[in-house]
Amino acid sequence: MAKAKLIKYVYLFGNKQADGNGSMKTLLGGKGANLAEMCLLGIPVPAGFTVSTECCTAYYAGGCKLPAVLTNQVLDALHKTEKIMGKKYGDPENPLLVSCRSGARSSMPGMMDTVLNVGLSTATIPGMVKKTNNPRFVWDSYRRLIMMYADVVMEKAEGLDPAEGKGIRKIMDERLDQFKHQRGCASDTDLKAEDLQQLADDFKALVKKHLGKAFPDDPMAQLWGGIAAVFKSWNGKKAVSYRRIEGIPDDWGTAVNVQAMVFGNMGDSSATGVAFTRDPATGEDKFYGEWLVNAQGEDVVAGIRTPSPINDDTKNEQNKHLKSMQVAMPATYKQLFAIRNTLEKNYHDMLDIEFTIEEGKLWMLQCRVGKRTGTAALNMAMDMLAERMIDQETAVLRLDPKQLDELLHPIIDPKAEKDAKPLVKGLPAGPGAACGKLVFTAEDAVASAKAGQKCILIREETNPEDVEGMRAAVGIMTARGGMTSHAALVARGWGKCCIVGAGGLHVDAASKTAKVTGSDVVLKEGDVVTLNGTRGYVYVGSLAMIDASENPRFQKFMTMADKFRTMGVRTNADTPADAAVAKSFGAEGIGLFRTEHMFYGEGCDKPLFLLRKMILSTTLDERRKALGELLPFVKASIKGTMEAMGGLPVTIRLLDPPLHEFVPQGAEKQAELAAALGITAEEIHKRGEELHENNPMMGHRGVRLGVTYPEVTEMQARAIFEAAAELIKSGTKCKPEIMIPVTCDVSELKHQKAIIAGVQAAVCKELGIKAFPYMVGTMIEIPRAALLADRMAQEAEFFSFGTNDLTQMSFGFSRDDIGSFLPDYLSKKLLPADPFQTIDQDGVGQLIKMAVEKGRATREHLKVGICGEQGGDPASVNFCHRTGLTYVSCSPFRVPLARLAAAQAAIEEKRQAKKAKPAKKK
Ligand code: ADP
Ligand code: MG
Ligand code: MG
């Protein structure tokens with residue numbers, strides 16, 4: 001117990017000093033650490049203190065009770081804050097008000113809750129009125145406090161489920177609208193002091209009525225309620241679903257920042273704003289922001305009024321008529337601009353900042369590394385590198401591999417767009433193009449995505465509750481909100497096409513229709529629209545799209561990344577076309593060529609027929625004949641692909657067909673086959689029945705086929721060697737890598753290798769050429785093969801982890817049947833992620849690690865790759881690098897992503913090694 005008293009839970013900041021600093025995000029959360037850092041940089045920040053994330057953990061560990069030792073620490077910090085600000089909390093003459101702000105380690109914009117104006121009560125209101133001589137402002141602050149406090153502390157934090165989904169905030173919002181209507185006011189700012197006082201009384205009555213408790217009038221009770229509510233908001237519904245999507249661990253917890261209030265709503269010399277130190281959509285080196293005169297914090301982000309631009313650089317269609325800060329308050333703008341430079345210099349990155357001006361005095365309320373589109377991330381990294389603000393390694397780390405997708409994203413074909421007339425224009429909040437059917441609610445978006453339908457989510461404005469729907473939609477458009485609204489921030493973070501503030505739209509979610517000013521078009525649910533998120537244009541119908549053209553800056557960036565990369569990147573490709581695409585994306589070879597690909601899709605009729613003939617053959621003669629006919633097809637397919645790779649290594653996997661899938665079902669097809677084999681249709685049917693397996697996934701597949709029917713392996717080896725020989729003759733370098741699938745014992749490899757060697761000798765002799773080099777290796781996809789990897793390596797010249805099957809067999813999860821239970825495992829948090837998408841590093845990862853070590857113990861320079869789906873997942877690529885794999889292989893479009901993820905893994909490893917060195921000396 002004595003030990004618990006030593007824990008420091010509270011960290012003070014203010015007056016150019018701070019207990020913490022910018023590097024303490026884990027303990028103080030991002031907001032708290034950065035508030036401290038800004039103080040240390042001498043930037044004006046209202047004083048306050050941060051209650052640490054450790055305290056949040058203690059709060060949950062103690063059954064949702066604030067630890068006892070917190071009381072004195074908070075009171076002490078509060079006194080110090082009072083001293084700095086020259087005001088006293090709860091004082092009737094000169095009261096200090098505070099905000100209770102959440103702040104997790106990694107920013108979760110708008111997902112958790114903040115309460116402003118805490119400390120206003122019947123005791124402190126008169127003093128505030130006298131002190132400010134501005135009753136309107138005081139009552140406005142008070143009604144805001146009641147609304148936020150009732151919503152955040154009394155309703156959400158208590159886990160109350162509002163009747164008919166209508167929470168207290170909504171009820172109060174409606175009351176406010178009603179009130180404005182009665183008084184004939186267009187805007188909140190038109191309401192007078194008496195109106196607001198009346199409104200506050202109404203709000204308190206509504207709290208009593210709907211929540212069954214009185215709004216607390218004691219400032220201390222408000223403060224403790226606020227702190228606990230922020231901790232509770234960590235487990236609020238929207239925060240939890242945001243964490244799920246972003247992969248933020250549940251046990252990090254949030255910090256609480258209690259900070260002296262400064263007021264942007266004290267009249268026309270007061271204001272509040274949000275800015276980015278550079279343009280977050282394009283990355284341009286332009287100070288970019290929005291502000292509102294006579295408003296408090298949340299007004300800008302909530303998109304309640306159209307915010308004004310802070311400067312000329314920020315002007316756009318919607319706001320160009322509004323007065324910029326640069327013009328309205330030139331001196332304060334200059335000060336803000338100087339802070340922007342100080343911050344960028346200190347953080348070496350683009351920041352997202354919040355500020356408030358109280359009667360002409362500028363205060364900084366927040367800064368954090370800003371979310372950005374992939375395009376912006378690329379441009380900023382290259383610009384800051386040129387400005388020598390960052391080095392090459394840092395530049396490579398600046399682009400999230402997941403954002404590459406977006407740089408390779410489609411855009412509307414400019415030719416199609418030239419002739420199209422936009423239905424409505426908004427702000428370009430998230431780049432690229434998207435086309436889909438309109439849905440009006442987040443739930444509909446989720447349902448539509450589940451049904452495999454592309455949809456565009458259209459909303460009057462989005463709020464954090466919409467986050468799942470925004471994720472599910474291919475594009476988002478809103479009628480209200482600015483470039484810094486929640487919709488814009490979230491969409492940008494995901495690289496999702498998004499248009500906000502399309503003022504011409506009038507969205508009626510209830511009837512699922514939207515009218516457009518100046519047109520008689522009425523958009524309905526299911527209508528198809530196309531968005532140009534780069535320009536902010538909305539078109540009716542579907543416009544043609546093209547792939548974003550080759551961007552020279554992107555090429556330069558990737559070349560730079562490749563310099564740091566030590567692991568190879570190959571691709572999974574089965575056709576010359578796929579191989580060519582992958583090569584253009586930088587693939588250094590093929591890690592998986594599936595022979596059975598030629599039996600699916602276009603042009604497969606003939607080879608498929610021959611394959612079936614082979615499968616349904618019962619005698620060696622029949623089978624050899626069918627194989628002989630199949631040979632030219634297999635050979636052509638392999639040769640074409642090897643040719644497309646132009647001498648880069650190609651790993652060809654021997655046939656691994658699920659036999660039952662290839663048994664013809666229709667009577668017509670059966671009759672055709674019967675004729676070809678010279679047997680009756682009944683006989684075909686009977687042979688098909690005999691092929692039935694109870695567990696085809698664990699049945700007669702892979703190497704087992706080659707064991708039962710050596711002639712099948714022979715034919716494939718012949719196809720490979722003949723193709724290679726012809727290429728070698730014509731001057732193309734080529735060293736085939738033959739991969740044997742589904743092995744579990746070294747004896748299988750020995751058996752197959754003998755067959756393959758025999759074929760090569762024969763082919764070389766027939767063609768009169770010298771034996772040329774080739775390799776035989778194996779997939780490691782059965783746990784037993786991983787366990788006995790040292791023996792497998794006696795025969796195998798390379799390994800490739802087939803992580804789809806390896807995962808399937810390690811978990812005992814049938815890949816084809818996970819749909820019915822895996823979602824429950826994820827939502828109930830029994831598993832952190834889908835192991836078929838990202839390698840299960842704890843379990844399957846151990847098998848991989850062990851197999852690499854054992855394999856290399858036998859064969860020192862054993863080449864080891866991975867060819868499962870996970871090869872294109874950044875976390876899995878990182879794991880593969882750390883585990884010492886020679887290469888990862890992934891689908892063509894993921895090649896750049898894997899290259900970048902591998903480069904970043906190498907840089908991180910280098911940096912960690914550097915850090916670890918001095919520690920070793922001790
Ligand atoms: P979020 O994490 O959602 O951005 P914040 O804690 O930043 O929430 O608070 C929301 C808004 O309230 C911000 O825009 C901020 O400017 C404003 N705000 C917070 N604390 C204060 C304060 N002490 N004085 C004035 N405004 C504040
Ligand atoms: Mg904020
Ligand atoms: Mg497999």
Side-chain angles (χ1 to χ4, degrees), residues 29 31 48-51 55-56 59-60 62-67 70-71 74 78 89-90 95-104 108 110-125 141-163 166-173 175-176 199-240 253-261 296-298 302 463-465:
K31 204 177 283 169
F49 53 90
T50 304
V51 185
C55 187
C56 183
Y59 169 83
Y60 279 110
C64 293
K65 267 207 203 89
L66 294 170
L70 187 66
T71 316
V74 164
L78 187 61
Y89 192 71
L96 173 74
L97 303 188
V98 298
S99 59
C100 288
R101 318 173 63 188
S102 60
M108 301 167 56
M111 292 303 134
M112 287 187 303
D113 295 306
T114 286
V115 187
L116 304 181
N117 309 328
V118 176
L120 266 183
S121 69
T122 44
T124 54
I125 286 173
S141 304
Y142 190 48
R143 64 98 187 165
R144 287 172 193 261
L145 167 67
I146 302 170
M147 184 188 264
M148 281 185 266
Y149 199 91
D151 173 39
V152 175
V153 184
M154 301 178 76
E155 185 175 83
K156 285 209 195 96
E158 291 307 322
L160 296 180
D161 242 340
K166 196 157 135 189
I168 189 76
R169 189 184 275 260
K170 184 107 204 238
I171 293 170
M172 289 180 175
D173 261 334
R175 179 80 195 96
L176 172 63
L199 197 61
D201 280 342
D202 284 8
F203 277 9
K204 282 202 267 190
L206 287 172
V207 170
K208 194 81 189 263
K209 180 172 159 208
H210 290 278
L211 302 177
K213 264 196 250 172
F215 170 73
D217 197 38
D218 169 24
M220 247 11 248
Q222 288 178 6
L223 179 61
W224 290 114
I227 292 175
V230 170
F231 283 159
K232 279 185 199 163
S233 74
W234 177 252
N235 272 344
K237 206 174 140 204
K238 56 186 178 176
V240 171
T254 179
V256 188
N257 300 288
V258 175
Q259 187 178 27
M261 282 299 301
Q296 198 166 49
E298 302 210 298
N463 58 47
E465 274 86 17

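Since we're looking at a predicted model, the values are computed, not measured.
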Can you tell me how the ring of Tyr149 sits relative to the ring of Phe215, calling it parallel under 30°, perpendicular over 60° and tilted otherwise? perpendicular
So, taking the atom named [atom1] in [X] and the one named [atom2] in [Y], what distance separates them when rounded to the nearest 0.5 Å?
| X | Y | atom1 | atom2 | answer |
| --- | --- | --- | --- | --- |
| Leu66 | Cys56 | CG | SG | 10.0 Å |
| Met147 | Phe203 | CE | CZ | 4.0 Å |
| Tyr142 | Leu97 | OH | CG | 11.5 Å |
| Leu206 | Arg169 | CG | CZ | 14.0 Å |
| Ile168 | Asp151 | CD1 | CG | 8.5 Å |

Heavy-atom side-chain proximity of [X] to [Y] below 4.5 angstrom:
| X | Y | value |
| --- | --- | --- |
| Leu78 | Phe49 | yes |
| Lys232 | Glu158 | yes |
| Met172 | His210 | no |
| Asp202 | Arg143 | no |
| Met220 | Leu223 | yes |

Applying side chain to side chain contact (heavy atoms under 4.5 Å, CB included), run through Phe231 and Val256 and close with a yes or a no. CA-CA 7 Å; Phe231 283 159; Val256 188; 3.3 Å; yes
For residues [X] and [Y], report the shortest heavy-atom separation together with the two atoms involved.
| X | Y | value |
| --- | --- | --- |
| Thr50 | Ala255 | CG2-CB, 3.9 Å |
| Ala239 | Trp234 | CB-O, 3.8 Å |
| Glu155 | Gly167 | OE1-CA, 3.5 Å |
| Val153 | Gly225 | CG1-O, 3.5 Å |
| Cys100 | Val258 | SG-CG2, 4.3 Å |
| Met148 | Thr114 | SD-O, 3.8 Å |

Show, in sequence, the C-alpha distance, side-chain angles and deciding distance for Arg144 and Leu116, and conclude whether the side chain to side chain contact (heavy atoms under 4.5 Å, CB included) test is met. CA-CA 8 Å; Arg144 287 172 193 261; Leu116 304 181; over 6 Å; no
Taking [X] for the side chain and [Y] for the main chain, is one N or O donor matched with an acceptor at less than 3.5 Å?
| X | Y | result |
| --- | --- | --- |
| Ser121 | Ala123 | yes |
| Gln259 | Ser99 | no |
| Lys31 | Ser102 | yes |
| Tyr89 | Pro219 | yes |
| Gln222 | Leu120 | yes |
| Asp217 | Thr122 | yes |

Intermediate values then yes/no, side chain to side chain contact (heavy atoms under 4.5 Å, CB included), Trp224 and Asp218: CA-CA 10 Å; Trp224 290 114; Asp218 169 24; over 6 Å; no
